[in-house]
Each structure stands twice: as structure tokens, then as C-alpha cells.
Amino acid sequence: MSSLRVRFAPSPTGMFHVGSARSALFNWILAKQSGGTFVLRVEDTDDARNQPEWTQGILDALAWLEVSPTDPAFEGPYYQSANVEAHVSAAHRLADIGAAYYCDCTRDDLVARTGHEKHGYDRYCRDRGLTAGPGRALRFRVPEGSSVVSDLIRGDVEFEHASMEDFVVLRGNGSPLFLIANVVDDITHRITLVVRGEEHFPNTPKQQLMWQAFGETPPVWAHVPVLVNEARKKLSKRRDKVALEQFRDEGFVMDAMRNYLMTLGWTPKGDAEIVPWADMVRDFSLADVVSSPAFFDLKKLAAFNGDYIRAMAPADFVAACEPWLAAWRDAHPGHRWSQDTFIRMAPFVQERAVTLADAPGTIDFVMLDEPVFDTEARTKVMNDTARALLADVIAAFATAEWEAETLKTTVEEIGATHGLKRGPAQGPVRLAVTGRLVGPPLYEPLVILGRGETIARLRALLAWEPTE
RNA sequence: GCCCCCAUCGUCUAGUGGCCUAGGACACCACCCUUUCAAGGUGGCGGCACGGGUUCGAAUCCCGUUGGGGGUGCCA
């Protein structure tokens with residue numbers, strides 16, 4: 001494939017939609033594969049919405065995905081709203097050559113004439129020869145016949161022009177609409193391939209007609225399937241969790257996110273879905289993208305994330321957890337943080353974490369003077385057997401060799417004298433030390449805590465009485 | 001209403017007329033391992049929406065039905 005000019009055109013909404021992220025990835029790969037260019041265009045015809053922080057949010061999100069603004073393949077950002085004059089003059093050109101006409105009909109006029117709320121424009125002003133003027137919109141004169149949209153993903157689709165209304169390109173106040181602005185910008189940026197969401201498909205024949213009216217060759221189109229929620233509705237900002245930033249903040253790692261996004265509508269070669277980015281860049285092809293909507297499955301994303309976390313080098317994992325650990329420290333003023341201790345505990349965390357945000361909650365008990373108790377579990381577990389067991393463990397721990405394997409054997413043997421198997425036997429001990437019944441392996445943290453503190457915690461739980 | 005798209009396990013998908021008694025991944029279940037919870041290992045459950053064609057042969061091609069989705073703004 002020759003050098004492509006693709007464009008990624010998000011609208012500035014204050015957050016980066018996962019669907020946009022997937023589009024960005026597809027476009028980026030296509031640009032890289034062809035040695036072409038990735039053009040970023042911030043699309044909003046209203047200048048007021050092109051806020052710097054929103055643009056920065058887009059740039060940050062792209063950088064997180066390693067779609068880098070400093071890469072030679074990256075061009076932009078361009079602002080649609082900065083190009084309004086070109087949009088307007090292009091529209092005027094359409095009027096000059098007779099490809100568009102002025103219209104002073106209001107919605108009410110139309111409904112009054114046709115008797116239908118939902119039907120399209122009835123072409124009333126088509127041949128009235130109206131000139132430009134206040135309150136007069138400019139409409140594109142859709143010709144007779146039909147258009148074929150050739151789509152890399154969907155094949156050739158024919159649209160009858162008769163079913164297409166004479167759409168507005170310039171408002172009554174003279175400002176351009178998205179439909180034409182988009183076409184003019186694509187022409188000025190010399191875009192050769194448009195990859196965008198399926199929701200734009202019905203607009204494509206209209207845009208293609210405009211390209212032709214301008215005497216230009218339309219780009220190649222590729223409409224990727226929409227992302228849907230469990231109700232199979234298009235993923236929406238209002239209803240669903242869709243902000244890439246939110247996933248990032250909740251501890252999803254970039255590689256997992258990127259890999260998962262790529263599998264929505266496309267599958268890597270072979271049986272594995274988790275594959276290196278380089279392989280995806282090498283193998284991706286629009287021809288292999290499916291055309292049916294894809295459900296954005298949080299569970300599968302979580303599984304991918306756990307997989308990627310487990311694959312990290314230990315030191316990388318420790319570093320990656322830091323933002324969440326720092327937040328935990330801020331939230332727990334009484335902490336006694338030790339980086340060395342965390343590094344010793346990290347393998348236990350890495351083995352079972354779903355997200356990086358799970359890290360603090362797994363090891364907090366070694367960083368606090370007292371564990372945070374699961375009160376329900378405490379009430380349930382603390383019966384006479386548990387008390388007797390704890391008393392025996394305290395006595396044995398006073399002299400036992402302070403080493404994980406020995407402590408384990410000690411607890412198991414004492415448990416046996418109370419008729420408990422090794423699982424149940426460690427329950428009260430785990431509860432005393434960690435505050436919970438589930439968590440990382442127990443005896444290694446005991447070694448870290450030391451004899452004195454371990455026994456103090458065991459005594460504290462033994463002394464505890466239900467309040468009611 | 002009109003236009004367009006889509007339809008394989010619960011989910012994401014492989015499959016482009018014989019390699020399909022339909023393969024993988026996530027989820028779920030069981031077992032193994034085990035220091036609780038995980039992780040890991042092994043196995044299992046589970047699908048071509050329906051009806052007609054075409055063909056020696058159809059998940060695959062055609063038509064219809066049904067279901068789902070998108071669009072239909074002087075929104076982007």
C-alpha cells in the first residue's frame with residue numbers, strides 16, 4: 001500500500017472515548033504500515049469548545065497509547081474551527097456552480113407543507129433562484145441517480161439519491177455545518193483514507209457527492225463497527241464507562257488496554273489474542289475487520305490486564321504501582337511506609353492483582369500499626385476454638401524459630417490439636433495479623449513484621465470482645 | 001415513516017462451498033496444585049436466528065422472515 005494520509009478527528013468533549021481510542025490505534029497503525037501520515041484534527045465548528053485543556057486531554061491520551069505527537073508520522077493538531085473561512089468560501093463555490101441553492105424555509109413551513117414531522121426536506125426552494133441573504137440557508141442540490149460508497153470493511157453499498165434530502169451546508173446565519181467542514185478539511189489535508197465509526201456511514205454518500213462537486217477524488221472509506229454495552233446500544237458517555245482516562249486512573253495498564261481495544265472487531269493471527277504490539281502493527285488489516293458491533297467487555301479487559309501485570313518485570317511492576325501507593329499514603333497519615341518491605345511483598349501482589357489499584361489494599365497491614373478489621377469476619381470467626389488456638393499460637397510463637405516454614409508448621413500442628421485442618425487453622429492468625437480472612441501468603445509477612453509485633457496483634461485479637 | 005448496516009457458544013471472534021462430528025479467547029463449572037484468596041495446570045458446559053432456494057455438498061452463495069443497531073437537525 002502506498003503512503004497513506006489518514007486522519008483522526010475526535011470532537012473535544014472533555015474526555016477520551018474508548019471508541020475514539022480504538023479509531024486512533026487503527027489509524028496510527030495504518031499510517032505506520034504505509035510509511036504515511038497520521039493527521040490529528042480537533043473537530044468542532046464552534047471555536048468556544050476548542051478548549052486548550054480538552055485538546056491537551058486528547059494529546060495526553062494519545063501519548064499514553066504511544067501515538068506520539070513527536071513522532072514524524074504525526075501531524076497536527078489542526079482545528080476545524082480555525083478553518084471556517086475556507087468552509088464558507090467552499091460552500092459559496094458550490095452555490096456559484098449551481099451545486100447548491102439558497103432556501104428560506106423553516107422547519108414549520110416544511111411540516112405544514114408535507115404534513116410529516118420526520119420526513120426530509122421537500123426541495124421547495126430548489127428552483128426559486130433565491131440569492132444569499134439573512135436567514136437563508138444553503139442547501140446542497142442532490143443530483144439524480146445513485147452513489148456507490150466503496151468501503152474497505154463493508155464492500156460496495158449503493159445509496160439512491162432519491163432517498164437523500166437536499167442537506168444544509170450553510171446555516172441561515174452563514175456558518176458552515178460539520179458535514180461540509182469535514183469534507184473541506186479532508187481535502188485541504190489531502191486525506192486518502194478515512195477510518196471512522198460506523199455511525200458516519202449514512203453521511204458518506206453526501207460527503208462523497210461534495211468531494212465530486214469540488215472536482216476532487218473522494219478518499220477510500222472504512223467504517224468500523226460501533227462499540228456497544230450489554231444492552232447492545234452504542235457506548236455512550238452518559239450511560240457507560242467509556243473514558244480512557246478513567247481506566248488509566250483505575251489501574252489498567254496501557255498495553256492491556258491497547259491490546260484489548262485492538263481485539264474489538266479484529267483478531268490477531270493464530271489462537272492467541274494477547275500478542276505484542278509489534279505483531280499487531282505488522283498483521284493488522286482493515287480487510288480483516290468485522291462489520292458487526294462489538295460488546296465492550298469489562299471482564300475480558302480485566303483478564304487482559306491481569307495477564308499483562310503478571311508479565312511485567314518485578315521492578316517495573318513496583319514502579320507502575322507507585323501512583324496508587326502514593327495515594328494510599330496520603331489517605332493514611334499514620335502509615336509507616338517502607339519501600340523495601342513493599343518490594344518484598346510485591347511478588348504476592350503482582351500474582352493476584354487485577355489492576356494496579358489493587359496494590360495498596362493487599363499489603364496495607366504491614367504498613368500500618370494496626371490492621372483494618374473486616375468486622376463481619378471477626379465476629380464470625382472468634383469463637384472459643386479460635387481463642388484457644390490463638391492462645392496456643394502465642395505461646396509457641398514466643399520461642400519458635402522466626403522463619404516462614406517453621407511458623408507455618410507450628411500453626412498447622414496447633415490447629416490439628418484443636419481439630420482444625422491447615423486452612424481453617426490459619427484463619428484466626430490471618431485475621432489477627434491482616435484484619436481479613438483473605439490475602440497474600442501469610443507467613444512471609446509475619447517474618448517481615450517480626451516476633452514482637454506479630455504476638456502483639458495476636459494478643460489484641462484474643463483480647464477482643466464482641467460489643468453487643 | 002424512510003435510508004443503511006449487522007446476525008457463529010453468555011461475550012469477543014476463527015471460518016471466504018468439502019480440511020467443521022464448527023477452532024480459540026474471556027466468563028462459568030469441575031478437578032489438580034495449594035498457606036486463605038488468587039495465579040497456574042487439566043478437563044467440561046456451550047453456538048452457525050428462522051424459512052426457502054442454488055449445489056453432489058452450505059456456517060460459508062441467493063431470496064425472504066424475524067431480531068438487533070445506526071442514521072434520518074440550520075448537532076458534531
Side-chain angles (χ1 to χ4, degrees), chain A residues 9-13 43-46 49 80 103 105-107 116-121 135-139 149 151 153-155 157-160 162-165 167-179 181-182 197-205 223 225-226 228 230-234 260 263-274 288 290-304 306-307 309-310 348-354 358 362 404-405 407-409 411-412 422-427 429-431 434 436-444:
Chain A
S11 60
T13 56
E43 289 206 330
D44 200 305
T45 53
D46 181 357
R49 289 187 62 199
Q80 185 171 69
C103 165
C105 301
T106 64
R107 189 78 214 168
H116 294 284
E117 288 284 346
K118 295 240 170 189
H119 290 189
Y121 182 62
R136 289 180 179 175
L138 184 65
R139 288 184 181 273
V149 173
D151 188 283
I153 295 172
R154 274 143 224 286
V157 180
E158 185 173 7
F159 291 85
E160 294 292 339
S163 68
M164 232 183 279
E165 68 172 328
F167 53 94
V168 173
V169 295
L170 238 39
R171 295 185 181 88
N173 66 9
S175 64
L177 268 91
F178 161 78
L179 211 57
N182 190 265
E198 183 192 2
E199 64 271 24
H200 293 286
F201 198 51
N203 281 332
T204 310
H223 289 88
V226 291
V228 299
E230 46 289 302
R232 303 216 67 84
K233 299 271 195 245
K234 188 169 75 163
Y260 179 64
T263 66
L264 260 17
W266 178 76
T267 329
K269 308 283 170 228
D271 280 346
E273 288 187 315
I274 294 185
D288 297 330
V290 302
S291 44
S292 47
F295 170 57
F296 191 83
D297 188 348
L298 277 333
K299 278 192 175 172
K300 190 155 182 176
L301 206 213
F304 272 46
D307 229 277
I309 284 178
R310 248 140 262 136
F348 302 137
V349 182
Q350 185 169 6
E351 201 169 70
R352 66 205 76 220
V354 173
D358 294 339
T362 309
E405 197 54 35
L407 297 177
K408 171 176 179 262
T409 314
V411 170
E412 282 175 13
R422 60 189 177 189
Q426 75 160 278
V429 178
R430 174 179 290 281
L431 182 68
T434 73
R436 295 177 213 111
L437 250 24
V438 298
L442 179 61
Y443 301 101
E444 289 81 355

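Proteins come first, then strands; the chains are lettered A, B, ... in the order of their sequence lines, and each starts at number 1. In this text, all values refer to a predicted model and were calculated from it rather than measured experimentally.
As the counterpart of C2(B), G71(B) is assigned, both hydrogen-bonding distances of the Watson-Crick or G-U wobble pattern falling under 3.5 Å. Of all nucleotides present, only U66(B) satisfies the Watson-Crick or G-U wobble test against A7(B), with each distance under 3.5 Å. With both pairing distances under 3.5 Å, C56(B) is matched to G18(B) as a Watson-Crick or G-U wobble pair. Pairing for C28(B) is with G44(B), a Watson-Crick or G-U wobble pair whose two hydrogen-bonding atom distances lie under 3.5 Å.
Heavy atoms of Arg436(A) sit nowhere under 4.0 angstrom from any nucleic acid atom. Among the atoms of the strands shown, base atoms are found under 4.0 Å from some heavy atom of Pro440(A). Among the atoms of the strands shown, only primed sugar atoms or phosphate atoms (P, OP1, OP2) are found under 4.0 Å from some heavy atom of Phe159(A). Within 4.0 Å (heavy atoms only), Glu405(A) reaches no atom of the nucleic acid at all. Across all strands shown, Tyr443(A) has heavy atoms under 4.0 Å from base atoms, whether or not it also approaches the sugar-phosphate. Among the atoms of the strands shown, base atoms are found under 4.0 Å from some heavy atom of Asn203(A). Across all strands, Val354(A) comes closer than 4.0 Å to no nucleic acid atom at all (heavy-atom distances). Across all strands shown, Arg232(A) has heavy atoms under 4.0 Å from sugar-phosphate atoms exclusively, and none from any base. The residue Glu160(A) sits apart from the nucleic acid: no heavy atom pair falls under 4.0 Å. Counting any heavy atom pair closer than 4.0 Å across all strands shown, Gly427(A) reaches no nucleic acid atom.
With sequence neighbours excluded, no residue satisfies ring pair (Phe, Tyr, Trp, His ring centres under 6.0 Å) with Phe348(A). Residues passing the ring pair (Phe, Tyr, Trp, His ring centres under 6.0 Å) test with Tyr443(A), sequence neighbours excluded: none.
Between Ile153(A) and His223(A), every side-chain heavy-atom pair lies at or beyond the 4.5 Å cut-off. Counting heavy atoms from C-beta on, the side chains of Arg154(A) and Pro225(A) come closer than 4.5 Å. The shortest side-chain heavy-atom distance between Lys233(A) and Val228(A) does not fall under the 4.5 Å cut-off. Put simply, the side chain of Phe159(A) does not reach to within 4.5 Å of the side chain of Thr204(A), judged on heavy atoms. With a 4.5 Å cut-off on side-chain heavy atoms, Thr362(A) and Glu351(A) do not count as touching.
Separation of the C1' atoms belonging to G70(B) and G53(B) is 30 Å when rounded to the nearest angstrom. When the P atom is compared between A59(B) and C9(B), the two are found 15 Å apart, to the nearest whole Å. Comparing the same atom, C1', in A14(B) and in C19(B) gives a spacing of 14 Å after rounding to whole Å. Going from the C1' atom of U42(B) to that of U34(B) covers 16 Å, rounded to whole Å. Rounded to whole Å, the separation between the C1' atoms of G1(B) and C63(B) comes to 25 Å. Nucleotides U8(B) and A49(B), compared at atom C1', are 10 Å apart to the nearest Å. As rounded to the nearest Å, G47(B) and U11(B) have C1' atoms that lie 12 Å from one another. Using atom P as the reference point in both G24(B) and G43(B), the two lie 10 Å apart (nearest Å).
Atom CD in Glu43(A) sits about 13 Å away from atom C1' in C75(B), given to the nearest Å. Between Lys269(A) atom NZ and A14(B) atom P there is a gap of 9 Å when expressed in whole angstrom units. Summarising the geometry, the separation between CD on Glu351(A) and C1' on U35(B) is reported as 12 Å, rounded to the nearest angstrom. His223(A) places its NE2 atom 11 Å from the C1' atom of C5(B), with the value rounded to the nearest Å. Straight-line distance from the CD atom of Glu199(A) to the P atom of C75(B): 19 Å, rounded to whole Å. For Phe348(A) and U36(B), the CZ to C1' distance is 13 Å, given to the nearest whole Å. The CZ-C1' distance, from Arg171(A) to A76(B), rounds to 10 Å in whole Å. In this structure, the NZ atom of Lys233(A) is 20 Å from the P atom of C5(B), given to the nearest Å.
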Polar atom pairs (N or O), protein with nucleotides 26-32 of chain B, under 3.5 Å:
none

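Judged by distance alone, the side chain of Tyr260(A) and the main-chain N or O of Phe296(A) form no donor-acceptor pair under 3.5 Å. A donor-acceptor pair under 3.5 Å is formed between the side chain of Gln350(A) and the backbone N or O of Ile309(A).
For His119(A), the side-chain atoms get nearest to G1(B) when compared with the rest of G1(B), C74(B), U35(B). Candidate nucleotides U36(B), C5(B), C74(B) were compared by shortest atom distance to the side chain of Phe201(A), and C5(B) ranks first. Of the candidate nucleotides U36(B), C6(B), C4(B), U36(B) has the atom lying nearest to any side-chain atom of Val438(A). Among the nucleotides C4(B), C74(B), U13(B), the one closest to any side-chain atom of Arg139(A) is C74(B). The side chain of Glu198(A) sits closest to C5(B) out of C74(B), C5(B), C3(B). Comparing atom distances between the Ala294(A) side chain and each of A39(B), A76(B), C12(B) picks out C12(B) as nearest.
Note on Arg430(A): every side-chain N or O is 4.0 Å or more away from OP1 and OP2 of U36(B).
Mapping Ser292(A) and Asp271(A) onto RNA chain B by nearest heavy atom places Ser292(A) closer to the 5' end of the strand. Ranked by how close their nearest RNA chain B nucleotide is to the 5' end, Glu165(A) and Arg352(A) are led by Arg352(A).
Between His200(A) and Phe178(A), the ring planes are tilted. Angles from 30° to 60° get that label.
When only modelled atom types and interatomic distance are considered, Arg430(A) and Thr434(A) share no side-chain donor-acceptor pair under 3.5 Å.
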